[in-house]
Amino acid sequence: MEATLVTIVHELFGIDIAVTTSRPEPQFGDFSTNVALQLAGRVGKPPREVAELIAAKLRETNNYADVSVAGPGFINITLADSTLLSALSAPAPSTESHTYVIEYSCPNAFKEFHTGHLYQTIIGDIIARLVETAGHTVHRTSFGGDVGLHVAKCIWGMIATLGGELPEKLASVEATPFARARWISDCYVRGAGAYEESDEAKVVINELNKTIYSLHTQPDNQSAIAQLYWTTRQWSFDYFDAFYDVLHVDHMHYIPESETMPIGMDVVREQLEKGNLKESEGAVVFEGDETKHLHTRVFVTSKGLPTYETKDIGVIWLERRDYNFEKRILITGNDQQEYMRVVFAAAELFRPELTGEMTHLTNGTVRFGDGSKMSSRLGNVTRAIDVFNVVREKVSELVSDETLVDSVTLGAIKYVFAKYRLGGDISFDIDETISLAGNSGPYIQYAHARARSIVAKSTLEPSMPEDAALDPAERNLVRKLGEYNDAVSRATNELAPHHICNYLFELAQEFNRFYELSRVIGHEREALRLWLVGRYADTLAAGLGLLGIDAPENM
RNA sequence: GCCCCGGUAGCUCAGCUGGAUAGAGCAGAGGACUUCUAAGCCUAAGGUCGCAGGUUCGAACCCUGCCCGGGGUACCA
């Protein structure tokens, strides 16, 4: 359609212009273009006159049921019912295939997942699936700290809790991934508190920090500290997997900092020689460019320790080495936006071939309904698993079938995070999350189950309407169903999953309107309507699938 | 100070590559049906799109300035 318009415009006015069409409100037709408005100035004629000239040409093609000019000069196009129906069977446009690395979730070892991780894990999982569904190869990665001060605080806390450097006493901790993670977290809180309150502990912890780094540089599996560290580090990794299983998300390959650090340090040495990094006040820094508003950042501290800048460079180099990515998408909290700009700028300076290959998406802070911020200070976090459990409890009260509880719980949680545009802070309200009404996961799941039950109830075979004229309610539903591919490709291209939520909700509303007006079972148009209902259920299921949400047959 | 992100209905948010009366959900008001899952449908009400200029035939959307909230601003990430 766009191509036809481009040709017509060229023939009429000798102007080449990019034509876009949009989906107007039903009263105006199926497609609309404002090309006449854009041309009016250049052609020197009133917009409506331009529109009429183009509309006349469009009518000559006989491809459309109606072409009209409205408002200031919009050209509205109405398709024949058969065209609208055949569009439903059109496959999604294929794109060229690339190799992607998508990095998200990124929990630190020795810590628990909090609500921010929950949000980011769900969003990352959806984005990865969208990109994969579009035909690309996707490698999911997650990057986090298995060395560093937070680990030292934690190990200090373990020693205090166990009453000494006694790795054998770890056996007394309840041997489930979540219990172990909880225990580690308690130790961290203890260590972090001691670090603040006791100068003595602070000295010990700083010393421990160096020891832990050395466990990687001079492999040690024997000492008590080493046993404590390697055992509980593995507990953390096991806990990550257990958590992802609870969420029913794809696992990512975890890249610990200890692995990227040496790679980053090699890069630092190399770039220092090249002059891309400079020594300053005993540290190695990347000098920011004031004109580009890039901060100066430290890559190696005056104590010779790598900062996250170096580790982040390391992870980029590692991912490039292991996956040879063509595109890299990184998702972090939006507090890292400025910081990451510098890392990307440095990476592109060090390796110009990376320019333009990396995208940084940021998620906002998860806030409670009352606007307060969830804090991770001293372990005062809202744990992700608590959120899951609270929602699950509420859902079990409302859903009678026990086997559906997990599906609906995850449907509610994933949907509530997916429906916001990425970037801004989001408001998290438990009551709203478990609400089954309105724009929610369970609403869509229920809408799907309802449609399935209608199909199941009929004894007829659904039949796709060939030349049958559609009544207005049917037509509106078909029209909306036809927008699925647009919604998905928009979500994929913009890396914005919320477009899918919006679409699915609008589709369900459209169907409910249809369903109020249109008897299915027992009606003379039963077979045709059955086909529509089935098609609708399939579309909802597909959309929910992209969001990583189950679509139960019955609810 | 400088930079980044946000400010749209009472609340939570869509809409932002400029276009037709600014849309949903929740909350609140009214209604229909009482036959396919009502977790639904319909109607009305609710908005100086933070403020002020500018560009344009046309601005919630682009530009400038300001106000408010959050974040960042060399050894935390």
Side-chain angles (χ1 to χ4, degrees), chain A residues 18 20 22 24-25 27-28 32 34 37-38 40-41 46-47 70-74 76 106 108 144-145 148-150 280-288 290 292-303 305-309 311-312 332-342 362 364-365 367 369 371 373 398-399 408 416 419-421 423-429 431-432 435-440 442-447 449-458 494 498-499 501-502 505-506 508-509 511-523 526 529 533 554-555:
Chain A
T20 55
S22 58
E25 289 175 41
Q27 50 172 320
F28 294 123
S32 177
N34 64 355
L37 292 158
Q38 293 175 325
F74 291 99
N76 293 324
C106 301
N108 275 328
L149 199 56
H150 78 279
S280 169
E281 297 173 31
V284 179
V285 304
F286 176 76
E287 287 186 327
E290 281 302 317
K292 291 176 184 168
H293 302 295
L294 290 169
H295 305 311
T296 292
R297 310 263 344 176
V298 171
F299 274 60
V300 178
T301 69
S302 50
K303 289 175 185 164
L305 291 174
T307 61
Y308 250 89
E309 284 78 346
K311 297 165 188 171
D312 264 314
T332 73
N334 55 13
D335 54 336
Q336 292 189 35
Q337 197 158 324
E338 294 291 285
Y339 157 74
M340 208 55 78
R341 279 184 65 218
V342 179
T362 64
T365 307
R367 290 173 191 281
K373 186 179 168 181
L398 297 159
V399 176
V408 176
V416 84
K419 76 176 183 178
Y420 296 104
R421 170 184 255 280
D425 289 351
I426 68 167
S427 152
F428 184 81
D429 186 303
D431 291 330
E432 195 209 300
S435 165
L436 312 180
N439 192 1
S440 72
Y443 171 95
I444 308 291
Q445 288 177 310
Y446 181 72
R450 230 176 130 191
R452 290 286 188 223
S453 85
I454 296 165
V455 176
K457 187 156 281 185
S458 173
E494 295 178 18
H498 74 286
H499 290 308
C501 296
N502 286 342
F505 183 58
E506 285 169 13
Q509 284 186 310
F511 178 82
N512 288 333
R513 274 176 226 129
F514 158 82
Y515 188 60
E516 285 290 323
L517 298 169
S518 314
R519 177 82 207 174
V520 177
I521 309 290
H523 192 271
E526 179 171 344
R529 288 182 177 172
V533 174
N554 296 293
M555 281 179 78

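Values below: all heavy atoms of this structure, side chains included; hydrogens, waters and symmetry mates excluded. Residue numbers begin at 1 in each chain, while the letters A, B, ... track the order of the sequences. Just so it is clear, the structure is predicted and the values come from calculations on it, not from any experiment.
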Item to check | Under-3.5 Å donor-acceptor pair between A:E494 side chain and B:U17 base | outcome: no

Next on the checklist: Once you apply a heavy-atom cut-off of 4.0 Å, does A:T20 come out as touching a base, just sugar-phosphate, or nothing?
Outcome noted: nothing

Checklist entry - What stems, by residue range, does RNA chain B take part in, given at least 3 consecutive Watson-Crick or G-U pairs under 3.5 Å? => result B:1-7 with B:67-73, B:10-13 with B:23-26, B:29-31 with B:41-43, B:50-54 with B:62-66

Item to check | Nearest to side-chain heavy atoms of A:R367, which nucleotide of B:G72, B:G70, B:G15 | outcome: B:G70

Next on the checklist: Taking the C1' atom in each of B:A24 and B:C5, what is the distance between them to the nearest angstrom?
Outcome noted: 24 Å

Next on the checklist: I want to verify a distance call: between B:C36, B:C13, B:A74, whose nearest atom is closest to the A:S427 side chain?
Outcome noted: B:C13

Item to check | Heavy-atom protein contacts under 4.0 Å, nucleotides 2-8 of chain B, coded B base, S sugar-phosphate only, - none | outcome: -BSS---

Next on the checklist: Suppose you measure atom C1' in B:G69 against the same atom in B:C76; what distance do you get, rounded to whole Å?
Outcome noted: 24 Å

Next on the checklist: Measure CG/A:D312 against C1'/B:C76 and give the value in whole Å, please.
Outcome noted: 12 Å

Checklist entry - Checking A:K457 side chain against A:I521 main chain: does a donor-acceptor pair fall under 3.5 Å? => result no

Polar atoms only, N or O, under 3.5 Å: list the protein pairs with nucleotides 38-45 of chain B and their distances.
from: B:A38; atom 1: OP2; to: A:R450; atom 2: NE; distance (Å): 2.6
from: B:A38; atom 1: OP2; to: A:R450; atom 2: NH2; distance (Å): 2.2
from: B:A39; atom 1: OP1; to: A:Y446; atom 2: OH; distance (Å): 2.9
from: B:G40; atom 1: O3'; to: A:N512; atom 2: ND2; distance (Å): 3.1
from: B:G40; atom 1: N2; to: A:E516; atom 2: OE1; distance (Å): 3.4
from: B:G40; atom 1: N2; to: A:E516; atom 2: OE2; distance (Å): 3.2
from: B:G40; atom 1: N3; to: A:E516; atom 2: OE2; distance (Å): 3.4
from: B:C41; atom 1: O4'; to: A:E516; atom 2: OE2; distance (Å): 3.4
from: B:C42; atom 1: OP1; to: A:R513; atom 2: NE; distance (Å): 2.9

Next on the checklist: Which residues pass the salt bridge (charged side-chain N to carboxylate O under 4.0 Å, His left out) test with A:E287, not counting sequence neighbours?
Outcome noted: A:K278

Item to check | A:L149 CG - B:C75 C1' separation (whole Å) | outcome: 13 Å

Item to check | Aromatic stack A:F505/B:A24: centroid gap under 5.5 Å, interplanar angle under 30° | outcome: no

Checklist entry - When the distance from CD of A:Q38 to P of B:A20 is rounded to whole Å, what number comes out? => result 13 Å

Checklist outcome for this item: A:N554 atom CG is separated from B:U37 atom P, nearest whole Å, by 11 Å

Checklist entry - With a non-hydrogen cut-off below 4.0 angstrom, is A:F28 in contact with a base, only sugar-phosphate, or nothing? => result base

Item to check | Whole angstrom value for the distance that separates C1' of B:A14 from CG of A:N502 | outcome: 5 Å

Checklist entry - Listed by chain and number, what are the ring-ring contact (aromatic ring centres under 6.0 Å, His included) partners of A:Y446, not counting sequence neighbours? => result none

Item to check | A:Y420 versus A:S427, closest heavy-atom pair with distance | outcome: OH-O, 3.1 Å

Item to check | Nearest listed nucleotide, side chain of A:Q27, among B:A20, B:U21, B:G15 | outcome: B:U21

Next on the checklist: Could you check whether any side-chain N or O of A:D425 sits under 3.5 Å from a backbone N or O of A:T365, counting only pairs where one atom can act as donor and the other as acceptor?
Outcome noted: yes

Item to check | Phosphate-side-chain proximity, A:K419 and B:A24, N/O vs OP1/OP2 below 4.0 Å | outcome: no

Next on the checklist: Check whether A:E516 reaches the backbone of A:N512 with its side chain - one donor and one acceptor, N or O, closer than 3.5 Å.
Outcome noted: no

Checklist outcome for this item: Side-chain contact check for A:I521: nearest option of B:C36, B:A20, B:C13 is B:C36

Next on the checklist: What's the closest nucleotide to the side chain of A:S302 if the choices are B:U21, B:C75, B:G15?
Outcome noted: B:C75

Polar pairs (N or O, both sides) under 3.5 Å between protein and nucleotides 61-67 of chain B?
none

Checklist entry - Where do A:E338 and A:R341 land on the salt bridge (Lys or Arg N to Asp or Glu O under 4.0 Å) test, with the steps shown first? => result CA-CA 5 Å; A:E338 294 291 285; A:R341 279 184 65 218; 3.8 Å; yes

Next on the checklist: Rounded to whole Å, please give me the gap between CZ in A:R421 and C1' in B:G15.
Outcome noted: 9 Å

Item to check | Distance, C1' atom - from B:A22 to B:C16, rounded to whole angstrom | outcome: 12 Å

Item to check | Value in whole Å for how far the C1' atom of B:A32 lies from CG of A:L517 | outcome: 12 Å

Next on the checklist: Can you tell me how the ring of A:F514 sits relative to the ring of A:F511, calling it parallel under 30°, perpendicular over 60° and tilted otherwise?
Outcome noted: tilted

Checklist entry - When the distance from CG of A:N34 to P of B:A59 is rounded to whole Å, what number comes out? => result 15 Å

